[in-house]
Amino acid sequence: MTSDSRDRAAPVPGAGNHRARYRRILRFAAWHLAVTWWFELLLPRIGLVRIAERSRSKRMRRFAQRFHALAVDLGGLMIKVGQFLSSRLDVLPPEITKELEGLQDEVPPVSFSAIRTLAEAELGAPLERLFASVEETPIAAASLGQAHRARLRPDDAADTGLDRVVLKVQRPGINAIVDVDLAALRKVGGWLSHVRLVSDRADMPALVEEFAQTSLEEIDYLNEGANAERFGVDFADDARVEVPGVVWERSTRRVLTLEDVTAIKITDSVALLAAGIDPAQVAPVFASVMFDQMFTTGFFHADPHPGNIFVTPATHPSAEHPWKLTFIDFGMMGEIPPSTRSGLRKLLIAAASRDGKGLVAAIRNVGVLVPSADTVELERAMTHLFARFGGMGFAELREVDPREFREFAVEFGDTVRSLPFQFPENFLLIIRAMSLTSGVCSSLDARFNLWDSVEPYAAQLLRDERGNIVQDVAQQALDAAGLALGLPKRLDGVLARVEEGSLSVANPRLERQLARLDRTAPRSAAALIFGALLVSGSVVRADDMVLGNVLMIASVLPLLHGLWVGRSGL
């Protein structure tokens, strides 16, 4: 290992730094929450909305720059938070997402001596006895661990069928760092739960817990190995996909030994062309493989950024496919339950058919919208969106007048913000995976049109759905038959209650409105009497001061009654 690489190696934090780390994260969050409250809530209320609007872009960029510096300096889960923010192109402004893009590859490595100490403690023997060789310079340094190339000893190579491997080792002390970061994030989530602008849209403590569960699973390398094998089984018969094998004899919860499958980085267009692979042909295949994970197997790679996907040229000209997509790093995986997967299928079919109303219904079925949400305006906005922008690729969208985008964004944003959204389990991972998929495909082909991949895939899903129509119709027939059999008895009961005069009809919304009227009617009457007495007294007072004063003083009685009724809730 060279002296330069030693200088660049990140220090291993000690326990004494944990409290300072916790306080630093909270100070950062508290300051920027205060700034946001001042500019986005207070200034608009006092009529200074233009000041907030003029400075918004600059403030967003400054926040992203400061968070970028904080994440690189602290590492740990702060890098993961930044990576998540950088992928939220759907809700965050470009000032934030653009600034945080670099967090994918900017983590300084840990010194090899620290990596050696941890690996030998985990594996129970010196590395020289376990491997034929281990390269000291890492091939990748991530926020939670780093990877080194290695070679198995001849006897192990014969047993496993593998020779060249990758030794993935956790960063020393990362467990304590994750605990500190999660404690700070839970605190910030608690703060945000008291901000109505945020709490009306999402359950922040629940989102933090989902993030915590994902992070804790990611630092369990045995879990990652199991994920890799499960992913491999899902795509065992797919000639387009390759997954590295796991060397379980050289793996623990903090050390993972995998087959070395490094090849051409998926977004390296120059290397792809040199290998005779057209990047524009890679994009739709990658999109299709990701769709298969989301809508068919339900077990998906939630971190498909360019560093985690290689394009591997076929070694034999007669191969079924001239190249393969090789996935690595299975620490962050998502699982979609069958009910949600069915909703996502309907969502994809509605999107492909440009059905705004159907898309909103699918969004509701997935669980993103609460059942009581009034979606008329959202349906209209989605229909407008499809009519104007549906089917356009990224290159075509760049040719649209920016003013048209801004006008639609304002209108659409107002509609979305008026609705009560919620996030089902794993939905943040779904959004992250699809955002990264879209970004990778666009970098491979600037004219890539996601609809070109969505439409044939949705058509196949629709054919699959129709294949179950007989079963669905049979179930509906049974339900209808059961209802028909029980209908005469239910009608007899209703008629009997009508004759007795005991029939009641429940309408919760109407009942709430009537209750509100019951409460406000006495206050309205009191206000009317108060106004009448006060006006009458002021008119009469000009001719009869005594009677006018009596009427004006008497007006205080209905006023006090109205206030008392309002406060007591009667």
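These numbers come from the heavy atoms of this one structure, side chains and all, not from hydrogens, waters or symmetry mates. None of the values given here were measured: they were computed from a predicted structure.
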(message) Nearest 0.5 Å, please: how far is CZ in Arg59 from OG1 in Thr36?
(response) 7.0 Å
(message) Counting only heavy atoms not in Trp191 (residues, nucleotides, ligands), do more than 12 fall under 6.0 Å from its CH2?
(response) yes
(request) Return yes if some donor-acceptor pair links the side-chain N/O of Ser442 with the main-chain N/O of Ser438 below 3.5 Å, else return no. (result) yes
(request) Evaluate the side-chain proximity of Leu185 to Met78: yes if any heavy-atom separation is below 4.5 Å, no if none is. (result) yes
(message) Using 0.5 Å steps for rounding, measure from the CG atom of Asp179 to the OH atom of Tyr22.
(response) 12.5 Å
(request) May I ask you to decide if Gly76's main-chain N or O and Arg171's side chain share a donor-acceptor pair within less than 3.5 Å? (result) no
(message) One pair to check against ring pair (Phe, Tyr, Trp, His ring centres under 6.0 Å): His32 and Phe28. What are the steps and the verdict?
(response) CA-CA 6 Å; His32 286 282; Phe28 179 90; 4.5 Å; yes
(message) Contact between Val81 and Phe211 at the side-chain level, heavy atoms closer than 4.5 Å - yes or no?
(response) yes
(request) For residues Val180 and Arg19, determine if any side-chain heavy atom of one lies less than 4.5 Å from a side-chain heavy atom of the other. (result) no
(request) Search all heavy atoms of Ala433 against all heavy atoms of Met294 and return the closest pair with its distance. (result) CB-CE, 3.3 Å
(request) For the residue pair Phe39 and Arg56, establish whether any side-chain heavy-atom pair is separated by less than 4.5 Å. (result) no
(request) Can you measure from NZ (Lys265) to CG (Leu272) and round to the nearest 0.5 angstrom? (result) 11.5 Å
(request) Determine, stepwise, if the pair Asn227 / Phe299 fulfils side chain to side chain contact (heavy atoms under 4.5 Å, CB included). (result) CA-CA 9 Å; Asn227 288 340; Phe299 185 63; 3.6 Å; yes
(request) To the nearest 0.5 angstrom, please state how far the CD1 atom of Ile430 sits from the OG atom of Ser435. (result) 11.5 Å
(request) Kindly indicate whether the side chain of Gln170, heavy atoms from C-beta on, has any atom under 4.5 Å from the side chain of Asn175. (result) yes
(message) Using a 3.5 Å distance criterion without hydrogens, assess whether the side chain of Ser288 forms a donor-acceptor pair with backbone atoms of Val285.
(response) no
(message) For a 4.5 angstrom cut-off between non-hydrogen side-chain atoms, does His68 reach Gln65?
(response) no
(message) So does Val440 get a backbone contact from the side chain of His305, meaning a donor-acceptor N/O pair under 3.5 Å?
(response) no
(message) Using the rule given for salt bridge (Lys or Arg N to Asp or Glu O under 4.0 Å), can you reason through Asp181 versus Lys80, listing the C-alpha separation, both sets of side-chain angles and the distance that settles it, and then say yes or no?
(response) CA-CA 11 Å; Asp181 290 355; Lys80 293 296 179 183; over 6 Å; no
(request) May I ask you to decide if Val110's main-chain N or O and Gln146's side chain share a donor-acceptor pair within less than 3.5 Å? (result) yes
(message) Measuring only between side-chain heavy atoms, which start at C-beta, is Asn308 closer than 4.5 Å to Phe327?
(response) no
(request) Would you mind reporting whether Thr297 and Asp292 have side-chain heavy atoms less than 4.5 Å apart? (result) no
